[in-house]
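Before any comments, here is the structure.
Please read all numbers here as calculations on a predicted model, not as lab measurements. Read the numbers this way: they start at 1 and go in the same order the structure lists the ligands and their atoms.
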Amino acid sequence: MSVPFAERTKRLGTETAFAVGAEAASLAATGVKVYPFHLGDLNIPTPEHIVEAANRAIREGKTSYCPTPGITPLREAMAEEIYRTRGFKIDADNVSIQTGGKPVIGKFIMTLMNPGDEVLYPNPGFPIYESMINFHEGVGKPYGFRETDKGFSLDLEAIERQISPRTKLIIYNNYHNPTSAESDMEEMEHLADICLKHNIYVLSDEAYFDILYDGTPKSITRFQGLPERTVILYTFSKKFAMTGWRLGAAIGPREVIEAISRFNVNDESCTNNFVQWAGVAALRGPLDDHRKMIDILRERRDTALSILNNTKGIHVATPDSTFYLFPNVTKAMEKLGMEEVEDFRKFVLEKTGVSFTTRNHFGTPLPGETQKYIRLAYSGIDTPEIIEGLGKMKELLG
Ligand code: PLP
């Protein structure tokens with residue numbers, strides 16, 4: 001008997017990167033040494049003072065339900081964090097605590113998008129954007145990136161070209177997964193102008209805002225008129241090495257945040273009480289461990305970059321943010337006579353155990369795309385393993 005699935009389930013996408021993880025795990029189970037560059041998770045522990053705050057909160061009995069938009073001390077600490085790091089004044093009412101950054105994507109879309117509304121979103125990009133737009137019957141309008149000497153920049157032309165009277169929202173992921181693209185001020189201001197001119201609301205996915213190796217992070221909310229039309233996706237996952245804790249927030253105009261919190265009531269009721277107390281400790285505590293983590297990640301980045309840029313047929317610029325590299329492998333594939341980047345991924349995995357995702361795990365390639373890319377995450381692999389794994393790949397392609 002076949003299950004009578006609801007029609008809408010057919011519109012729900014997924015993160016195909018998890019399938020690569022499963023493939024790598026089954027290869028490892030056969031005794032092959034696998035080098036895990038596929039998943040954006042951290043193999044660095046959560047700072048001790050945050051762990052201790054959670055333990056203390058449990059012992060103190062912070063194990064009951066708590067307010068739907070989050071506990072007040074955390075919402076207040078978040079408001080201060082936003083003022084400190086983004087420079088605009090908000091209060092606790094502008095903050096809705098979430099079980100990670102990811103739920104902000106669906107809740108933002110459910111709150112502001114009607115069926116048939118058009119939503120601009122990055123492709124390549126985090127696959128949940130497209131999944132949520134389709135699931136809630138919006139019309140996704142993908143925009144891409146241009147490869148430059150310094151990395152990648154937004155295809156602003158593609159954004160402007162696709163704007164129509166039905167365009168309501170844009171998803172903007174500065175410090176971008178998977179390309180690590182970082183807007184300069186000019187690019188960000190141009191985008192802010194477009195949003196103001198066309199009355200477009202913004203989801204600013206700032207998951208990697210604090211994973212920065214140079215300079216100070218910038219949010220699109222720095223431009224006049226933008227805080228009134230932007231929801232920030234904030235997460236504790238990366239900055240505080242808390243991916244599995246599931247703690248994040250939606251931050252934006254009060255009335256939008258109230259509506260988002262109504263989804264909290266209907267869905268999870270509230271985010272885990274004692275995890276929120278750990279979040280207070282994270283925001284109010286020392287940042288020494290965070291800085292150490294950035295130093296570790298920087299060393300991994302530099303190690304990977306120097307091997308990749310010495311590998312035949314591969315080139316990649318030095319990104320100043322995220323923990324991803326998005327090397328161009330077009331020439332390496334040409335040499336192997338391969339057309340599909342998925343074939344290249346499988347070939348390298350089988351021959352060397354080096355496991356990574358490709359451009360195709362971050363959306364269907366756009367018309368006119370000719371270059372081939374893979375994505376390497378260095379957040380979950382130590383430097384000696386990076387040297388060993390990428391060394392094998394270099395030899396294979398040499
Ligand atoms: N946005 C981007 C661009 C991401 O890469 C991720 C996670 O990898 C998220 C959002 C969601 O992260 P989390 O739900 O752990 O906060």
Got a list of side-chain donor-acceptor pairs under 3.5 Å for residues 169-176, not counting sequence neighbours?
| residue | atom | partner | partner atom | Å |
| --- | --- | --- | --- | --- |
| Y172 | OH | S183 | OG | 2.6 |
| N173 | OD1 | N177 | N | 3.0 |
| N173 | ND2 | D205 | O | 3.0 |
| N174 | OD1 | S183 | N | 2.8 |
| Y175 | OH | K218 | N | 2.8 |
| H176 | ND1 | T179 | N | 3.4 |
| H176 | ND1 | T179 | OG1 | 2.6 |
| H176 | NE2 | P124 | O | 3.0 |

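- A salt bridge links E157 with R146; the closest basic N to acidic carboxylate O contact falls under 4.0 Å.
- Between Y373 and P327 there is no side-chain heavy-atom pair separated by less than 4.5 Å.
- The aromatic ring centres of F152 and F326 sit less than 6.0 Å apart.
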Kindly indicate, with the supporting measurements, whether the criterion ring pair (Phe, Tyr, Trp, His ring centres under 6.0 Å) is fulfilled by Y324 and Y208.
CA-CA 10 Å; Y324 303 116; Y208 299 94; 5.4 Å; yes
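- Partner Y378 forms a side chain to side chain contact (heavy atoms under 4.5 Å, CB included) with one of L325, I296, D302, T303 and no other, that one being L325.
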Contacts table for ligand 1: protein N or O within a distance under 3.5 Å of ligand N or O, distances only.
| residue | atom | partner | partner atom | Å |
| --- | --- | --- | --- | --- |
| ligand 1 | 1 (N) | D205 | OD1 | 3.2 |
| ligand 1 | 1 (N) | D205 | OD2 | 2.6 |
| ligand 1 | 5 (O) | N177 | ND2 | 2.8 |
| ligand 1 | 5 (O) | Y208 | OH | 2.7 |
| ligand 1 | 8 (O) | Y208 | OH | 3.3 |
| ligand 1 | 8 (O) | K238 | NZ | 2.8 |
| ligand 1 | 14 (O) | G101 | N | 3.2 |
| ligand 1 | 14 (O) | K102 | N | 2.9 |
| ligand 1 | 14 (O) | R246 | NH2 | 2.7 |
| ligand 1 | 15 (O) | S237 | OG | 2.7 |
| ligand 1 | 15 (O) | R246 | NH1 | 2.9 |
| ligand 1 | 16 (O) | G101 | N | 2.7 |
| ligand 1 | 16 (O) | T235 | OG1 | 2.5 |
| ligand 1 | 16 (O) | S237 | OG | 3.3 |

